Amino acid sequence: MPQQQQQRRMFTAALLALVFVLAAVSTTEAGKKEKPEKKAKKSDCGEWQWSVCVPTNGDCGLGTREGTRSGAECKQTTKTQKCKIPCNWKKQFGAECKYQFQAWGECDLNTALKTRTGNLKRALHNADCQKTVTISKPCGKLTKPKPQGKLHFLKAA
């Protein structure tokens, strides 16, 4: 009999330990806050529309551009972004448009200008650039044909 009492006590102790562990686990889980599932972001915000880059100093280098978008539930409808205008690009075609130019053409004697054409190579920040541009510049010194006649030198007597 003493052996049966010892087994009952061990069984009771094991049962109590199991109940204690289950109570501890359920208390810990009850203390945790359930995280609500993240809502899928449904944005009715429009695409960003960017202004041209405005240099801080001069006509090239570092500057800023303004962005705007529309939408009823947009948290942000305007923002400013840093930008850079390369100083070696032709500004007359837009500071954000890069062109690959052909060689200069022959001089037009009527206008004293020579021209060349450039094809759009790259547009920064989705700039609105012309596909093809033409530029002109003065021909420089025009050489007139020299007279082919004989030159007479006076001899000193």
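Predicted, not measured: the structure shown is a model, and the values here were computed from it.
If you take OG1 on Thr134 and CD on Gln102, they are separated by 8.5 Å, rounding to the nearest 0.5 Å. Taking SG of Cys97 as the start and NZ of Lys121 as the end, the distance is 14.0 Å to the nearest 0.5 Å. Lys98 contributes atom NZ, which lies 12.5 Å from atom SG of Cys129 (distance to the nearest 0.5 angstrom). Atoms SG and CG, on Cys83 and Leu62 in that order, are 8.5 Å from each other to the nearest 0.5 Å. Between the OG1 atom in Thr64 and the NZ atom in Lys79 there is a gap of 14.0 Å [rounded to 0.5 Å].
Other members of the cluster containing Trp48 are Trp50, with ILVMFWY side chains joined at under 4.5 Å, either directly or via other members.
In this structure, the side chain to side chain contact (heavy atoms under 4.5 Å, CB included) partners of Ser51, at least two apart in sequence or on a different chain, are Arg65, Glu66. Taking Thr132 as the reference, Thr117, Asn119 meet the side chain to side chain contact (heavy atoms under 4.5 Å, CB included) condition, with sequence neighbours excluded. Take Ser70 and apply the side chain to side chain contact (heavy atoms under 4.5 Å, CB included) test, not counting sequence neighbours, and it matches no residue.
In the hydrophobic cluster analysis, where Ile, Leu, Val, Met, Phe, Trp and Tyr join through side-chain heavy atoms closer than 4.5 angstrom, Tyr99 is grouped together with Trp104.
Residues in residues 57-85 take part in no ring-ring contact (aromatic ring centres under 6.0 Å, His included) pair, two or more places apart or across chains. The ring-ring contact (aromatic ring centres under 6.0 Å, His included) analysis of residues 57-86, with sequence neighbours excluded, yields no pairs.
Using a 4.5 Å heavy-atom threshold, the side chains of Cys74 and Arg69 count as touching.
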> What's the verdict on side-chain contact (heavy atoms from CB on, under 4.5 Å) for Asp108 and Leu113, showing C-alpha distance, side-chain angles and the deciding distance?
Replying inline: CA-CA 6 Å; Asp108 181 349; Leu113 296 173; 5.5 Å; no
